[in-house]
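Just so you know, these numbers come straight off a predicted model, no measurement behind them. Per chain, numbering begins at 1; letters A, B, ... match sequence-line order.
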Amino acid sequence: MTTLGRQLSIGPTDNTSDQRTPRQRLKLIPETARKSFVPYVPARYVSRTHEWDLTRISPDRPRAHGEAIEITGTVRTQSGAPLRHGLLEIWNANHYGRYRHIEDHSGLQLDENFFGMGRVVTDENGQYKFWTISPGAYLARPDIGRWRPKHIHISVSGGSSRLITQMYFPDEPNNHSDPMAILMGDAFERNVGTSYETPNIDVEQGFRFDIVVGGRNATFFE
Amino acid sequence: MTQETGQKTLLPTNEDTTGPYFPIYFRDESLEDLTRVDAGVVGQAKGTPIILRGRVFDRHGNLANGVLLEFWQANAKGLYRTPETEGHTDIDPWFNGYGRLRSASGAYSFRSIMPGTSDNRAPNITVTIFSDGINRIVTQVFFPDQSANDADPVLNVLTESERHRLIAKHDGRTADGAEVYLFDIIMAGDGETPFFDDLQS
Ligand SMILES: [Fe+3]
(Lines give C-alpha, C1' and ligand atoms only; values in the text may rest on other atoms or scores of the structure.)
Protein backbone atom coordinates (compact mmCIF):
# COMPACT_ATOMS: atom_id res chain seq x y z
CA MET A 1 0.00 0.00 0.00
CA THR A 2 1.31 3.40 -0.95
CA THR A 3 0.53 6.65 0.77
CA LEU A 4 0.70 8.85 -2.28
CA GLY A 5 -2.19 10.65 -3.89
CA ARG A 6 -3.17 10.02 -7.48
CA GLN A 7 -1.23 11.16 -10.51
CA LEU A 8 -3.89 12.36 -12.92
CA SER A 9 -3.68 11.32 -16.57
CA ILE A 10 -4.03 13.53 -19.60
CA GLY A 11 -6.67 12.62 -22.15
CA PRO A 12 -4.97 11.58 -25.41
CA THR A 13 -5.55 14.08 -28.26
CA ASP A 14 -7.34 16.42 -25.85
CA ASN A 15 -5.58 19.80 -25.91
CA THR A 16 -7.62 21.21 -23.07
CA SER A 17 -6.77 18.24 -20.91
CA ASP A 18 -3.09 18.87 -21.65
CA GLN A 19 -3.45 22.53 -20.70
CA ARG A 20 -5.43 21.96 -17.51
CA THR A 21 -4.47 18.65 -15.92
CA PRO A 22 -2.33 19.11 -12.78
CA ARG A 23 1.16 17.66 -13.25
CA GLN A 24 1.90 17.16 -9.57
CA ARG A 25 0.52 14.22 -7.68
CA LEU A 26 -2.56 15.12 -5.70
CA LYS A 27 -1.86 15.52 -2.00
CA LEU A 28 -3.61 13.08 0.27
CA ILE A 29 -6.02 14.83 2.58
CA PRO A 30 -4.81 14.56 6.17
CA GLU A 31 -7.26 12.52 8.22
CA THR A 32 -7.98 15.34 10.66
CA ALA A 33 -9.01 17.61 7.78
CA ARG A 34 -11.12 15.17 5.78
CA LYS A 35 -14.45 16.39 7.04
CA SER A 36 -13.79 19.92 5.85
CA PHE A 37 -13.34 18.71 2.27
CA VAL A 38 -16.83 17.22 2.03
CA PRO A 39 -19.37 19.78 0.90
CA TYR A 40 -22.92 19.23 2.02
CA VAL A 41 -25.01 20.55 -0.84
CA PRO A 42 -28.31 21.93 0.43
CA ALA A 43 -31.40 20.77 -1.43
CA ARG A 44 -32.27 23.29 -4.13
CA TYR A 45 -35.46 22.48 -5.96
CA VAL A 46 -35.00 24.73 -8.93
CA SER A 47 -36.41 22.32 -11.50
CA ARG A 48 -39.47 23.64 -13.34
CA THR A 49 -42.19 21.04 -13.74
CA HIS A 50 -41.78 20.61 -17.50
CA GLU A 51 -37.98 20.39 -17.44
CA TRP A 52 -37.98 16.58 -17.30
CA ASP A 53 -39.01 16.57 -20.97
CA LEU A 54 -36.19 18.05 -23.05
CA THR A 55 -37.84 16.90 -26.29
CA ARG A 56 -39.98 20.07 -26.16
CA ILE A 57 -39.10 23.56 -24.93
CA SER A 58 -42.47 23.57 -23.14
CA PRO A 59 -45.56 21.35 -23.27
CA ASP A 60 -47.28 23.64 -25.79
CA ARG A 61 -44.41 23.59 -28.27
CA PRO A 62 -43.60 21.05 -31.00
CA ARG A 63 -41.20 18.16 -30.64
CA ALA A 64 -37.59 18.85 -31.52
CA HIS A 65 -35.92 17.14 -34.50
CA GLY A 66 -34.40 13.73 -34.04
CA GLU A 67 -35.06 10.60 -32.04
CA ALA A 68 -36.91 11.09 -28.74
CA ILE A 69 -35.47 8.91 -26.00
CA GLU A 70 -36.11 8.22 -22.34
CA ILE A 71 -33.34 7.94 -19.75
CA THR A 72 -34.09 6.34 -16.39
CA GLY A 73 -32.03 5.09 -13.51
CA THR A 74 -31.28 5.13 -9.83
CA VAL A 75 -28.66 7.24 -8.11
CA ARG A 76 -26.90 5.49 -5.24
CA THR A 77 -23.79 5.90 -3.18
CA GLN A 78 -21.18 3.15 -3.25
CA SER A 79 -22.67 1.55 -0.19
CA GLY A 80 -25.95 1.20 -2.06
CA ALA A 81 -27.96 3.89 -0.33
CA PRO A 82 -30.24 5.80 -2.71
CA LEU A 83 -29.64 9.53 -3.15
CA ARG A 84 -33.04 10.97 -2.28
CA HIS A 85 -34.08 14.38 -3.60
CA GLY A 86 -30.78 14.82 -5.43
CA LEU A 87 -30.63 17.37 -8.22
CA LEU A 88 -29.69 16.19 -11.71
CA GLU A 89 -28.68 18.91 -14.12
CA ILE A 90 -28.75 17.58 -17.67
CA TRP A 91 -27.42 19.03 -20.90
CA ASN A 92 -26.93 17.56 -24.35
CA ALA A 93 -26.35 18.61 -27.94
CA ASN A 94 -29.26 18.63 -30.36
CA HIS A 95 -29.81 16.15 -33.19
CA TYR A 96 -27.17 17.98 -35.24
CA GLY A 97 -24.52 18.07 -32.53
CA ARG A 98 -25.04 21.73 -31.51
CA TYR A 99 -25.52 23.12 -28.01
CA ARG A 100 -27.76 26.10 -27.40
CA HIS A 101 -24.92 27.58 -25.38
CA ILE A 102 -23.67 31.07 -26.11
CA GLU A 103 -20.09 29.75 -26.29
CA ASP A 104 -20.79 27.00 -28.85
CA HIS A 105 -19.35 28.54 -32.04
CA SER A 106 -19.43 25.34 -34.09
CA GLY A 107 -21.88 26.81 -36.58
CA LEU A 108 -23.87 23.55 -36.63
CA GLN A 109 -27.60 23.76 -37.07
CA LEU A 110 -29.75 24.97 -34.18
CA ASP A 111 -33.25 23.59 -33.69
CA GLU A 112 -35.90 26.14 -32.74
CA ASN A 113 -37.66 23.48 -30.70
CA PHE A 114 -34.71 22.21 -28.71
CA PHE A 115 -33.30 23.80 -25.58
CA GLY A 116 -31.02 20.95 -24.48
CA MET A 117 -30.93 21.78 -20.76
CA GLY A 118 -33.13 20.43 -18.01
CA ARG A 119 -33.25 19.51 -14.33
CA VAL A 120 -34.92 16.69 -12.47
CA VAL A 121 -34.92 15.64 -8.83
CA THR A 122 -34.57 12.03 -7.69
CA ASP A 123 -37.49 10.54 -5.79
CA GLU A 124 -37.61 8.79 -2.41
CA ASN A 125 -35.89 5.75 -3.90
CA GLY A 126 -33.19 7.70 -5.71
CA GLN A 127 -34.88 7.15 -9.08
CA TYR A 128 -34.97 9.66 -11.89
CA LYS A 129 -36.47 9.92 -15.36
CA PHE A 130 -36.14 12.35 -18.20
CA TRP A 131 -36.79 12.52 -21.93
CA THR A 132 -34.50 14.12 -24.44
CA ILE A 133 -33.45 14.00 -28.08
CA SER A 134 -30.70 11.55 -28.92
CA PRO A 135 -27.71 13.90 -29.32
CA GLY A 136 -25.63 14.14 -32.46
CA ALA A 137 -21.95 13.29 -32.34
CA TYR A 138 -19.80 16.33 -33.04
CA LEU A 139 -16.34 16.88 -34.46
CA ALA A 140 -14.14 17.92 -31.55
CA ARG A 141 -10.82 17.96 -33.43
CA PRO A 142 -11.37 18.77 -37.12
CA ASP A 143 -7.59 18.78 -37.66
CA ILE A 144 -7.28 15.08 -36.82
CA GLY A 145 -10.87 14.01 -37.50
CA ARG A 146 -11.67 13.07 -33.91
CA TRP A 147 -15.35 13.06 -33.00
CA ARG A 148 -16.95 13.27 -29.62
CA PRO A 149 -19.28 10.28 -29.46
CA LYS A 150 -22.95 10.86 -28.66
CA HIS A 151 -23.22 11.71 -24.97
CA ILE A 152 -25.45 13.31 -22.37
CA HIS A 153 -23.88 15.41 -19.61
CA ILE A 154 -25.29 14.81 -16.13
CA SER A 155 -24.36 16.68 -12.95
CA VAL A 156 -25.55 15.14 -9.68
CA SER A 157 -25.62 17.07 -6.43
CA GLY A 158 -27.33 16.58 -3.11
CA GLY A 159 -26.22 15.85 0.41
CA SER A 160 -22.56 14.87 0.34
CA SER A 161 -22.86 13.42 -3.17
CA ARG A 162 -21.32 15.38 -6.01
CA LEU A 163 -20.56 14.04 -9.45
CA ILE A 164 -20.31 15.36 -12.97
CA THR A 165 -20.38 12.60 -15.55
CA GLN A 166 -21.55 11.69 -19.05
CA MET A 167 -23.77 8.91 -20.31
CA TYR A 168 -22.58 7.33 -23.54
CA PHE A 169 -24.53 5.14 -25.97
CA PRO A 170 -23.86 1.46 -26.73
CA ASP A 171 -21.99 0.41 -29.87
CA GLU A 172 -21.11 3.91 -31.05
CA PRO A 173 -18.10 3.91 -33.37
CA ASN A 174 -16.51 6.95 -31.73
CA ASN A 175 -16.66 5.61 -28.17
CA HIS A 176 -13.23 4.02 -28.44
CA SER A 177 -11.37 7.13 -29.59
CA ASP A 178 -12.78 9.44 -26.93
CA PRO A 179 -9.98 10.75 -24.68
CA MET A 180 -11.91 10.43 -21.43
CA ALA A 181 -13.27 7.00 -22.39
CA ILE A 182 -9.69 5.87 -23.07
CA LEU A 183 -8.66 7.02 -19.59
CA MET A 184 -11.57 5.09 -18.07
CA GLY A 185 -10.39 1.85 -19.67
CA ASP A 186 -12.65 -1.13 -18.93
CA ALA A 187 -14.62 0.99 -16.45
CA PHE A 188 -15.99 2.94 -19.44
CA GLU A 189 -18.79 0.33 -19.64
CA ARG A 190 -20.27 1.79 -16.44
CA ASN A 191 -20.90 5.04 -18.29
CA VAL A 192 -22.80 3.43 -21.17
CA GLY A 193 -26.59 3.33 -20.99
CA THR A 194 -28.44 0.06 -21.53
CA SER A 195 -31.11 0.15 -24.23
CA TYR A 196 -34.68 -0.96 -23.55
CA GLU A 197 -37.88 -0.94 -25.60
CA THR A 198 -40.60 1.61 -24.95
CA PRO A 199 -43.75 0.26 -26.66
CA ASN A 200 -46.25 2.22 -24.55
CA ILE A 201 -44.75 5.68 -24.31
CA ASP A 202 -44.13 8.43 -26.83
CA VAL A 203 -40.40 7.94 -27.28
CA GLU A 204 -38.51 5.69 -29.65
CA GLN A 205 -36.31 3.93 -27.13
CA GLY A 206 -35.14 4.04 -23.57
CA PHE A 207 -31.76 3.81 -21.86
CA ARG A 208 -31.18 2.70 -18.32
CA PHE A 209 -28.34 4.57 -16.65
CA ASP A 210 -27.81 3.78 -12.97
CA ILE A 211 -25.42 6.18 -11.31
CA VAL A 212 -23.15 5.35 -8.39
CA VAL A 213 -21.54 8.36 -6.73
CA GLY A 214 -18.09 7.23 -5.68
CA GLY A 215 -15.31 8.30 -3.39
CA ARG A 216 -15.28 8.32 0.36
CA ASN A 217 -17.03 11.66 0.32
CA ALA A 218 -20.21 10.25 -1.08
CA THR A 219 -21.10 8.36 2.05
CA PHE A 220 -19.68 10.72 4.61
CA PHE A 221 -22.98 11.95 5.98
CA GLU A 222 -25.03 8.80 5.46
CA MET B 1 -19.43 9.67 13.99
CA THR B 2 -17.48 7.15 12.03
CA GLN B 3 -15.94 8.20 8.77
CA GLU B 4 -17.28 5.35 6.78
CA THR B 5 -20.49 3.64 7.51
CA GLY B 6 -21.58 0.63 5.54
CA GLN B 7 -19.72 -1.61 3.18
CA LYS B 8 -18.84 -0.27 -0.24
CA THR B 9 -20.12 -2.77 -2.70
CA LEU B 10 -20.99 -0.83 -5.84
CA LEU B 11 -18.51 0.32 -8.48
CA PRO B 12 -18.62 4.06 -8.98
CA THR B 13 -19.74 5.75 -12.17
CA ASN B 14 -16.71 7.45 -13.73
CA GLU B 15 -16.39 11.17 -13.35
CA ASP B 16 -16.07 12.83 -16.73
CA THR B 17 -15.08 16.21 -18.05
CA THR B 18 -17.71 18.91 -17.71
CA GLY B 19 -16.98 19.92 -21.29
CA PRO B 20 -17.02 23.55 -22.39
CA TYR B 21 -20.79 23.97 -22.24
CA PHE B 22 -21.94 23.67 -18.64
CA PRO B 23 -25.23 25.58 -18.90
CA ILE B 24 -25.00 29.17 -17.72
CA TYR B 25 -28.78 28.74 -17.59
CA PHE B 26 -28.32 26.75 -14.36
CA ARG B 27 -26.76 29.75 -12.66
CA ASP B 28 -28.18 30.55 -9.23
CA GLU B 29 -27.19 34.00 -7.96
CA SER B 30 -28.00 33.06 -4.39
CA LEU B 31 -25.03 30.67 -4.58
CA GLU B 32 -22.65 33.45 -5.70
CA ASP B 33 -23.21 35.67 -2.66
CA LEU B 34 -23.49 33.80 0.62
CA THR B 35 -23.73 36.97 2.72
CA ARG B 36 -27.48 36.96 2.25
CA VAL B 37 -30.17 34.52 1.32
CA ASP B 38 -31.38 36.40 -1.73
CA ALA B 39 -31.22 39.99 -2.96
CA GLY B 40 -34.93 40.45 -2.28
CA VAL B 41 -35.19 38.71 1.06
CA VAL B 42 -34.35 39.84 4.60
CA GLY B 43 -31.79 37.44 6.00
CA GLN B 44 -28.09 38.23 6.52
CA ALA B 45 -25.29 35.84 7.33
CA LYS B 46 -23.34 36.77 10.47
CA GLY B 47 -19.66 37.62 10.18
CA THR B 48 -17.24 39.78 8.24
CA PRO B 49 -18.20 40.08 4.58
CA ILE B 50 -15.42 39.07 2.22
CA ILE B 51 -14.90 38.98 -1.50
CA LEU B 52 -12.70 36.19 -2.73
CA ARG B 53 -11.57 36.97 -6.23
CA GLY B 54 -8.96 35.73 -8.61
CA ARG B 55 -8.18 34.04 -11.88
CA VAL B 56 -7.85 30.43 -12.96
CA PHE B 57 -4.88 29.78 -15.26
CA ASP B 58 -3.86 26.87 -17.42
CA ARG B 59 -0.37 25.45 -17.99
CA HIS B 60 0.53 28.21 -20.45
CA GLY B 61 -0.55 31.07 -18.19
CA ASN B 62 -3.74 31.60 -20.15
CA LEU B 63 -7.04 32.15 -18.38
CA ALA B 64 -9.03 28.92 -18.18
CA ASN B 65 -12.37 29.85 -19.66
CA GLY B 66 -15.64 28.18 -18.77
CA VAL B 67 -14.72 26.95 -15.29
CA LEU B 68 -17.32 25.93 -12.75
CA LEU B 69 -16.18 26.78 -9.21
CA GLU B 70 -17.80 25.46 -6.07
CA PHE B 71 -17.11 26.67 -2.54
CA TRP B 72 -17.67 25.07 0.84
CA GLN B 73 -16.95 26.69 4.16
CA ALA B 74 -17.79 26.95 7.83
CA ASN B 75 -19.84 29.87 9.17
CA ALA B 76 -18.36 32.75 11.19
CA LYS B 77 -18.38 30.55 14.29
CA GLY B 78 -16.39 27.84 12.52
CA LEU B 79 -19.30 25.43 12.17
CA TYR B 80 -20.17 23.59 8.96
CA ARG B 81 -23.84 23.17 8.20
CA THR B 82 -24.45 19.45 7.79
CA PRO B 83 -27.11 17.07 9.12
CA GLU B 84 -24.75 16.43 12.01
CA THR B 85 -24.74 20.05 13.19
CA GLU B 86 -28.40 20.87 12.61
CA GLY B 87 -29.87 22.40 15.76
CA HIS B 88 -26.46 23.38 17.14
CA THR B 89 -26.61 26.78 18.86
CA ASP B 90 -23.80 28.11 16.65
CA ILE B 91 -25.63 27.35 13.41
CA ASP B 92 -26.42 30.53 11.51
CA PRO B 93 -29.89 30.07 10.01
CA TRP B 94 -28.99 32.38 7.12
CA PHE B 95 -25.77 30.66 6.13
CA ASN B 96 -25.49 27.33 4.30
CA GLY B 97 -21.83 27.47 3.28
CA TYR B 98 -22.15 26.02 -0.23
CA GLY B 99 -21.51 28.34 -3.17
CA ARG B 100 -21.19 27.94 -6.91
CA LEU B 101 -20.45 30.07 -9.92
CA ARG B 102 -19.45 29.59 -13.51
CA SER B 103 -16.85 31.92 -14.96
CA ALA B 104 -16.86 32.47 -18.70
CA SER B 105 -13.43 34.11 -18.76
CA GLY B 106 -11.63 32.26 -15.97
CA ALA B 107 -11.73 35.28 -13.64
CA TYR B 108 -14.07 34.96 -10.69
CA SER B 109 -15.48 36.87 -7.75
CA PHE B 110 -17.29 35.17 -4.90
CA ARG B 111 -18.93 36.99 -2.00
CA SER B 112 -19.18 35.36 1.38
CA ILE B 113 -18.25 35.81 5.03
CA MET B 114 -14.93 35.06 6.69
CA PRO B 115 -15.10 31.48 7.94
CA GLY B 116 -14.32 30.94 11.60
CA THR B 117 -11.64 28.80 13.17
CA SER B 118 -12.92 25.32 13.87
CA ASP B 119 -11.45 22.49 15.92
CA ASN B 120 -7.87 22.23 14.76
CA ARG B 121 -8.43 24.12 11.52
CA ALA B 122 -7.45 27.57 10.37
CA PRO B 123 -10.17 29.52 8.53
CA ASN B 124 -10.42 28.08 5.03
CA ILE B 125 -12.70 27.64 2.07
CA THR B 126 -12.74 24.45 0.03
CA VAL B 127 -12.65 25.25 -3.68
CA THR B 128 -13.72 22.65 -6.23
CA ILE B 129 -12.99 23.20 -9.90
CA PHE B 130 -14.80 21.52 -12.77
CA SER B 131 -14.05 22.36 -16.40
CA ASP B 132 -13.43 21.06 -19.87
CA GLY B 133 -10.46 18.70 -20.10
CA ILE B 134 -10.42 17.62 -16.43
CA ASN B 135 -12.46 15.89 -13.80
CA ARG B 136 -13.06 17.61 -10.48
CA ILE B 137 -9.97 19.00 -8.74
CA VAL B 138 -10.11 20.31 -5.17
CA THR B 139 -8.06 22.63 -3.00
CA GLN B 140 -8.47 24.86 0.06
CA VAL B 141 -7.77 28.57 0.34
CA PHE B 142 -6.49 30.15 3.56
CA PHE B 143 -6.21 33.72 4.81
CA PRO B 144 -3.14 35.77 5.74
CA ASP B 145 -2.30 36.77 9.32
CA GLN B 146 -4.32 33.98 10.90
CA SER B 147 -2.48 32.53 13.86
CA ALA B 148 -4.21 29.19 13.33
CA ASN B 149 -2.41 28.80 9.98
CA ASP B 150 0.74 27.67 11.78
CA ALA B 151 -0.87 24.50 13.12
CA ASP B 152 -3.26 23.75 10.30
CA PRO B 153 -2.94 20.10 9.22
CA VAL B 154 -3.51 20.85 5.52
CA LEU B 155 -0.98 23.69 5.35
CA ASN B 156 1.42 21.50 7.28
CA VAL B 157 1.64 18.80 4.61
CA LEU B 158 2.93 21.42 2.18
CA THR B 159 6.35 22.83 1.47
CA GLU B 160 6.95 26.51 2.23
CA SER B 161 6.40 27.57 -1.37
CA GLU B 162 3.25 25.45 -1.68
CA ARG B 163 1.86 27.03 1.50
CA HIS B 164 2.18 30.47 -0.02
CA ARG B 165 0.14 29.41 -3.03
CA LEU B 166 -2.81 28.52 -0.79
CA ILE B 167 -2.84 31.72 1.26
CA ALA B 168 -4.94 34.45 -0.35
CA LYS B 169 -3.61 38.02 -0.45
CA HIS B 170 -5.50 40.79 1.30
CA ASP B 171 -6.36 43.54 -1.18
CA GLY B 172 -8.16 46.26 0.74
CA ARG B 173 -11.80 46.80 1.49
CA THR B 174 -14.76 47.70 -0.67
CA ALA B 175 -16.84 50.85 -0.06
CA ASP B 176 -19.55 48.69 1.50
CA GLY B 177 -17.13 47.13 3.97
CA ALA B 178 -16.18 43.75 2.47
CA GLU B 179 -12.57 42.62 2.91
CA VAL B 180 -11.12 41.66 -0.46
CA TYR B 181 -8.84 38.64 -0.88
CA LEU B 182 -7.05 37.59 -4.06
CA PHE B 183 -6.59 33.92 -4.84
CA ASP B 184 -5.28 32.81 -8.23
CA ILE B 185 -5.36 29.14 -9.17
CA ILE B 186 -2.81 27.59 -11.52
CA MET B 187 -4.24 24.31 -12.75
CA ALA B 188 -1.01 22.91 -14.16
CA GLY B 189 2.69 23.64 -14.63
CA ASP B 190 4.94 26.27 -13.06
CA GLY B 191 3.60 27.46 -9.73
CA GLU B 192 0.89 24.82 -9.84
CA THR B 193 -1.68 25.08 -7.06
CA PRO B 194 -1.57 22.09 -4.70
CA PHE B 195 -4.70 19.95 -5.12
CA PHE B 196 -6.03 17.39 -2.68
CA ASP B 197 -7.63 14.00 -2.92
CA ASP B 198 -8.62 11.13 -0.69
CA LEU B 199 -7.96 8.26 -3.06
CA GLN B 200 -4.60 6.55 -2.83
CA SER B 201 -2.82 5.35 -5.90
FE1 LIG C 1 -20.64 17.62 -24.73
Side-chain angles (χ1 to χ4, degrees), chain A residues 1-7 11 14 16-24 26-30 32-34 36-37 39-42 44 46 76 78-81 89 91 99 101-104 117 119 153 163-166 180 184 187-188 190-191 211-217 219-222, chain B residues 3-26 28 58-60 64 66 70 72 80-84 96 98 104 120-121 124 126 128 130-134 136-138 140 153-154 157-158 187-189 192 194-201:
Chain A
M1 184 177 115
T2 70
T3 51
L4 296 173
R6 287 182 298 161
Q7 176 74 60
D14 183 337
T16 314
S17 181
D18 178 58
Q19 290 152 8
R20 299 186 178 187
T21 302
R23 296 307 200 267
Q24 303 297 315
L26 304 180
K27 314 273 182 197
L28 282 179
I29 296 171
T32 51
R34 271 207 63 240
S36 69
F37 277 90
Y40 190 87
V41 184
R44 296 175 295 130
V46 286
R76 294 188 181 85
Q78 271 192 273
S79 55
E89 293 163 304
W91 67 106
Y99 289 90
H101 189 291
I102 200 156
E103 294 158 12
D104 183 341
M117 298 167 261
R119 293 169 283 202
H153 296 270
L163 174 71
I164 295 184
T165 189
Q166 299 180 29
M180 293 301 168
M184 292 175 203
F188 175 70
R190 295 178 212 156
N191 286 48
I211 296 172
V212 178
V213 182
R216 298 170 75 185
N217 293 359
T219 53
F220 200 80
F221 290 112
E222 267 179 28
Chain B
Q3 301 210 328
E4 284 186 84
T5 54
Q7 205 77 26
K8 301 226 169 155
T9 52
L10 301 175
L11 295 169
T13 304
N14 299 284
E15 291 183 70
D16 206 334
T17 166
T18 312
Y21 307 129
F22 181 87
I24 299 165
Y25 174 71
F26 294 151
D28 179 347
D58 71 13
R59 189 162 73 91
H60 304 298
E70 297 189 346
W72 171 242
Y80 288 95
R81 189 163 200 171
T82 71
E84 224 188 344
N96 282 322
Y98 170 79
N120 58 339
R121 299 303 314 282
N124 69 84
T126 298
T128 299
F130 295 97
S131 91
D132 191 21
I134 57 159
R136 162 176 63 178
I137 50 177
V138 181
Q140 286 190 338
V154 168
V157 301
L158 303 176
M187 299 172 88
E192 186 173 300
F195 296 104
F196 296 85
D197 193 19
D198 60 7
L199 297 173
Q200 296 182 0
S201 59

ask   = Can you name the closest pair of heavy atoms from A/Lys27 and B/Leu158 and give their distance?
value = CE-CD2, 3.8 Å

task = Start with the C-alpha gap between A/Tyr40 and B/Tyr98, add the side-chain angles, then the distance that decides, and say whether ring-ring contact (aromatic ring centres under 6.0 Å, His included) holds.
result = CA-CA 7 Å; A/Tyr40 190 87; B/Tyr98 170 79; 9.6 Å; no

request  = Report yes or no: is the cationic atom of A/Arg34 (NZ for Lys, CZ for Arg) under 6.0 Å from the centre of the six-membered ring of B/Phe196, at an angle within 45° of the ring normal?
outcome  = no

Segment of A/Asp104 engaging chain B (4.5 angstrom heavy-atom cut-off) = both

message = Using heavy-atom distances under 4.5 Å, tell me whether A/Leu163 contacts chain B through its side chain, its backbone, both, or neither.
response = side chain

Minimum heavy-atom distance between B/Arg121 and A/Ser36, given as atom pair plus value = NH1-OG, 2.7 Å

ask   = Is it the backbone or the side chain of A/Pro22 that comes under 4.5 Å from a heavy atom of chain B, or both, or neither?
value = both

request  = Report yes or no: does A/His101 contribute a side-chain atom to a donor-acceptor pair with the main-chain N or O of B/Phe22 at less than 3.5 Å?
outcome  = yes

inquiry  = Looking at B/Glu192 and A/Gln24, would you say the former's side chain and the latter's main chain have a donor-acceptor pair under 3.5 Å?
reply    = yes

ask   = If only atom types and distance count, is the side chain of A/Ser17 paired as donor or acceptor with the main-chain N or O of B/Gly133 below 3.5 Å?
value = yes

ask   = With no hydrogens and no angle check, is any side-chain donor or acceptor of A/Thr165 less than 3.5 Å from a backbone partner on B/Asn14?
value = yes

task = Examine distances only and state if a side-chain atom of B/Thr13 and a backbone atom of A/Val213 form a donor-acceptor pair shorter than 3.5 Å.
result = no

query = Quick one: does A/Glu103's side chain have a donor or acceptor within less than 3.5 Å of a partner on B/Gly66's backbone?
reply = no

inquiry  = Under the criterion salt bridge (charged side-chain N to carboxylate O under 4.0 Å, His left out), I'd like the reasoning laid out for A/Arg20 against B/Asp58: C-alpha separation, chi angles, the key distance, then a yes or no.
reply    = CA-CA 5 Å; A/Arg20 299 186 178 187; B/Asp58 71 13; 5.3 Å; no

inquiry  = Among residues at least two apart in sequence or on other chains, which ones pass side chain to side chain donor-acceptor pair (under 3.5 Å) with B/Tyr21?
reply    = none

ask   = What residues form a side chain to side chain donor-acceptor pair (under 3.5 Å) with A/Arg190, not counting sequence neighbours?
value = none

ask   = Is there a donor-acceptor contact under 3.5 Å from the side chain of A/Gln166 to the main chain of B/Asp16?
value = no

